[in-house]
J.: 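Before anything else, here's the structure in question.
The first residue in the sequence is number 1, and the count goes up from there.
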Amino acid sequence: MSAAPHPRELLLIGGGGEMTLSVDVAVQALEQARARGLRTHVTNRADTLAATPAVTAAADTATAVDFARPGDTADWAAGRAADGERPALVFGVREMAQEAVAATAHALELPGNPPAAVRRIRTKDACRAALAAAGFRQPAVRVCRDASEARAFLAATAGPWVVKPRDGADSAGVRKVTGPDDLPAALAQLPDREAPFLVEEFVDGREFSVEGVFVGGSPRVLAVTAKEKLPPPYFVEIGHVLPADLPEETRRSVEETVTAALTALELRFGLFHVELWLTAEGIVLGEVHVRIGGGWIHRMLPHVRPGLELYGTVYDDALGLPVDLPATLPVPERAAAARYFAPPEGRVTAVTGWDAVRTHPAVLHAELRVGPGDVVPGFRSGGDRVGAVVVGAATPTEARELARELVASVRFTVEPVDAVGTGDDVPEVCVDLEPRPLTSSFRISHMTIETVDHLRLRLLQGGRTVGEGEITADSGYGQDGPAIAAEAEALARTLAAACDDAHHGADGADPVAPLRAALEKATADGVGAPARMLVEMAFLDRAARRAGVPVWRLLGLPEPGRVRLLHTVPIGEDIPLDGRPLKIKLGGADDEQILRSLLGVPAPLILDANRGWDRLDWERLRPLLAELAPAVLEDPVRDPALLPAIRAALPGTAVVLDEGIATAGDAAFAVGTAGGLNVKLMRFGGILPALDALTDATEKGAARMLGCFLEPPRAIAYAAQLAGLCDWSDLDGHFWVSDDRPVPSYGLDSDAPGIPRIAYTPEPAREEAAAI
């Protein structure tokens, strides 16, 4: 007797997000699949699966797979397919999951959009470039790495402008600027201040979006939606009306432009949501998405087009079932509108009128997520919305006015909230960990490093990042990424309440004192240095943002200036001979050969043996070292008893200790025995204890080097704030972790409050020549 065939399966990648709208979209997508006899399997991050029980309940099966790694999702699905669990259809309703959807469909040879096309539209500047190349109107745009590049773009173009993330959603971090003075505040609002961002010309015009579905690979427009937004500088949508009340000729031109753009972008599957402006010069296309629009449009469309099943239409088309949808649809005969609540900022003490709104017969959906005792944040992105009303009516004008009236009839009474913390300002703590391969192998005396764990700790308030720390952990150095993440999360949650006292805002109060005391206690309690550094970064970033200054100014440090780097050369790599100060990694079998190759090199030499030599090695290499006369000799030997002889033999060389130097006592030992130390924040536990060690070393006339591990740019910039206190800066570890191109020097962009960014703007040629 043969086994019963498996039912066809829908694989819904990315499930739903935690917001009610995202959950509603995912549940509808699953229900319409089940109505067609499809078995449903949802994938999502484990924490989001747990936080969205309505989605998992609507699915037959759920599996934790991180859609942020499209290749991993595709590999997982291919493995299932090889075991006989092959889906009939791959789909996704979330913006951030679309690359994984495309990669998986491509791997399984199922209907879907080309992965390259999805990557292009999700990278906003690449999408703009592709549309412009295809002949569509586009605003001028530039990818910027720091404020200096943004200022250069402002100087070369006509304003006003918009600053936005290169990859984002819900208008998070999107802000209008009218000139250079607005840049610091705009950059401070970016969700990821280390990532490249966009500055583009502001488009002056009425804003719309076009909603539709692909049938047979061709786009079919379902409706044009009119948008209403709150006034700049932010771009938060406050309402939608569908269909937009447009003249027939204008509507037809909008639809033709959008369908032509989608074709030019090589998109062919699923749903689409395309944003645009109507300007005096014509249609200017905005962002392009291969998912349904937000703002409850998924509820509005089926109301204005009765019988329409958005997701079911996609499934039917992909499965070869008939789709009754003409190439050109008539304008809908009824309308819908959505309107968001925008109560004033503050703590809610009373809400009136809500019951009458939610029971109104024209309401298609209504939600309110705040009540007495809750705090309403400022409205800077879609994540700050606290509720919405969606209504149906006979005409667009009637729908718009009814939605406005119902929202206005709900009255909020609020009271001010102390902005600097009274216990109600305690931030949420979020810690992420991701294994990350290096851009190239990094070999030192006792190991070769290929991969590090990337850890990010964010402090969130109202869904916005208000403080952020970022490090990497390397198991070769005994740094356990998951253990550090757990330690840091526990410590940050404790500090979030303990360090948020009202005296933060008191006149003359030291905003760093509570944090310093808490971290000193954490040290005494045995919390590891990497976890302390990660937490310290996030809380100092937050304190500096509150104070409106960069961290170095908050701490009273000297202006870091331009950071001139040592060029680190791992064991086994070629040694450049371009005059830059070289930090040569030694401690291997070829040390003598390497040292001989350095004779006559016209550059300051910093030699780092990582404790790789014993007494015999030292005696054998001493003549060569004396001839080379390196500027610095770092961690030459395992036995500290040899250090006096080494210092005597190399009187012009600064000897510094690095490995094992992690406390004030270790620093005093290094200064006393070697005459110098290399301070690494990851070993000391952050900038505060490192600053104490450097201050003491300076007072004693010791040699001071500022070092790093293989760390992300944000951690490197954090450490570089101490560069003004050091003789040498060995802060190039991010070149192995990120895509940043190695340079001989960089600055710190301190225009925005908080932790500065690395600014790669070249210095004048004469200064660059002096540096090498």
J.: Quick one: pull up CD in Glu398 and CD in Glu405 and give me the separation to the nearest 0.5 Å.
T.: 10.5 Å

J.: How many angstroms lie between OG in Ser209 and NE2 in His289, if you round to the nearest 0.5 Å?
T.: 9.0 Å

J.: Determine the sole option in Val203, Leu285, Asp204 for which the side chain to side chain contact (heavy atoms under 4.5 Å, CB included) test with Trp277 is passed.
T.: Val203

J.: Would you give the length of the straight line joining atom CZ of Phe412 to atom OG1 of Thr349, rounded to the nearest 0.5 angstrom?
T.: 11.5 Å

J.: When you measure from the side chain of Gln32 to the backbone N and O of Gly312, does any donor-acceptor pair fall under 3.5 Å?
T.: yes

J.: Is any side-chain heavy atom of Ile471 less than 4.5 Å from a side-chain heavy atom of Met537?
T.: yes

J.: Working to the nearest 0.5 angstrom, can you tell me the gap between His273 NE2 and Glu287 CD?
T.: 8.5 Å

J.: Is any side-chain heavy atom of Pro165 closer than 4.5 Å to one of Leu190?
T.: yes

J.: Under the side-chain contact (heavy atoms from CB on, under 4.5 Å) rule, what do Arg36 and Leu10 come out as? Steps first, then yes or no, please.
T.: CA-CA 10 Å; Arg36 285 158 174 77; Leu10 165 71; over 6 Å; no

J.: Using every non-hydrogen atom in the two residues, find where Val370 and Asp374 come nearest and quote the distance to one decimal.
T.: CA-OD2, 3.4 Å

J.: Can you list the steps and then say if Thr43 with Phe67 is a side-chain contact (heavy atoms from CB on, under 4.5 Å)?
T.: CA-CA 8 Å; Thr43 70; Phe67 58 82; 5.7 Å; no

J.: Closer than 3.5 angstrom, by distance alone: can the side chain of Asp541 be matched with the main-chain N or O of Gly469 as a donor-acceptor pair?
T.: no

J.: Going by an N to O cut-off under 4.0 Å, is there a salt bridge joining Arg339 and Glu228?
T.: yes

J.: Val23 and Gly17: which non-hydrogen atoms are nearest, and at how many Å?
T.: CG2-O, 3.2 Å

J.: About how many Å separate CG of Asp47 and CD of Glu18, when rounded to the nearest 0.5 Å?
T.: 6.5 Å

J.: Using every non-hydrogen atom in the two residues, find where Pro427 and Leu459 come nearest and quote the distance to one decimal.
T.: CB-CB, 4.0 Å

J.: Within the side chain of Thr61, is there an N or O that forms a donor-acceptor pair under 3.5 Å with the backbone of His41?
T.: no

J.: Does the pair Glu211/Arg305 count as a salt bridge with the N-to-O cut at 4.0 Å?
T.: no

J.: Side chains of Val55 and Leu30, heavy atoms from C-beta outward: is any pair under 4.5 Å?
T.: yes

J.: Would you mind reporting whether Asp24 and Arg299 have side-chain heavy atoms less than 4.5 Å apart?
T.: yes

J.: Looking at every heavy atom in both Leu554 and Ala547, which two are closest together, and how far apart are they?
T.: CD1-CB, 4.0 Å

J.: Can you tell me if Arg458 uses its side chain to pair, donor with acceptor, with the backbone of Ala538 under 3.5 Å?
T.: no

J.: Show your reasoning for whether side-chain contact (heavy atoms from CB on, under 4.5 Å) applies to Val258 and Val224.
T.: CA-CA 10 Å; Val258 167; Val224 180; over 6 Å; no

J.: Keeping Asn113 on the side-chain end and Phe269 on the backbone end, is there a donor-acceptor pair under 3.5 Å?
T.: yes

J.: Please report the interatomic distance CZ(Arg545) to CD(Glu468), rounded to the nearest 0.5 Å.
T.: 6.5 Å

J.: Quick one about Glu470 and His454 (side-chain donor to acceptor, distance below 3.5 Å, no hydrogens or angles considered), yes or no?
T.: yes

J.: Does His360 reach the main-chain N or O of Ala362 with its side chain, forming a donor-acceptor pair under 3.5 Å?
T.: yes

J.: Would you say Glu333 has more than 12 foreign heavy atoms packed within less than 6.0 Å of its CD?
T.: no

J.: Test your reading of the model: is there a side-chain donor-acceptor pair from Tyr315 to the backbone of Ala29, 3.5 Å cut-off?
T.: yes

J.: Is the shortest side-chain N to carboxylate O distance from Lys227 to Glu275 below 4.0 Å?
T.: yes

J.: For the residue pair Ala226 and Ala244, what are the closest heavy atoms and their distance?
T.: N-CB, 3.7 Å

J.: Please confirm whether the backbone N or O of His303 pairs with a side-chain atom of Arg334, one donor and one acceptor, at under 3.5 Å?
T.: yes

J.: With a 4.5 Å limit on heavy-atom distance, are the side chains of Leu329 and Val221 in contact?
T.: no

J.: Going through the distances and angles, do Val163 and Trp161 end up as a side-chain contact (heavy atoms from CB on, under 4.5 Å)?
T.: CA-CA 7 Å; Val163 173; Trp161 304 266; 6.0 Å; no

J.: I'd like to check Val65 versus Ile13 (side-chain heavy atoms, cut-off strictly below 4.5 Å). Are they in contact?
T.: no

J.: Taking it one step at a time, do Asp245 and Arg400 satisfy salt bridge (charged side-chain N to carboxylate O under 4.0 Å, His left out)?
T.: CA-CA 11 Å; Asp245 194 2; Arg400 178 189 297 108; 6.0 Å; no

J.: Could you tell me if the side chain of Arg69 sits less than 4.5 Å from the side chain of Glu434, heavy atoms only?
T.: yes

J.: Taking Leu222 as the fixed residue, which of Ile292, Thr313, Leu242, Leu310 is the one that meets the side chain to side chain contact (heavy atoms under 4.5 Å, CB included) rule?
T.: Leu310

J.: State whether Asp432 and Arg45 are salt-bridged, where the test is any N-O pair (Lys NZ or Arg NE/NH1/NH2 against Asp/Glu carboxylate O) under 4.0 Å.
T.: no

J.: Considering residues at least two apart in sequence or located in another chain, which fulfil the salt bridge (Lys or Arg N to Asp or Glu O under 4.0 Å) criterion with Arg34?
T.: Asp60

J.: Would you name the heavy atoms of Val118 and Ala102 that are closest together and state the gap between them?
T.: CG2-CB, 3.8 Å

J.: With heavy-atom distances below 4.5 Å as the criterion, would you say the side chains of Val93 and Arg291 are in contact?
T.: no

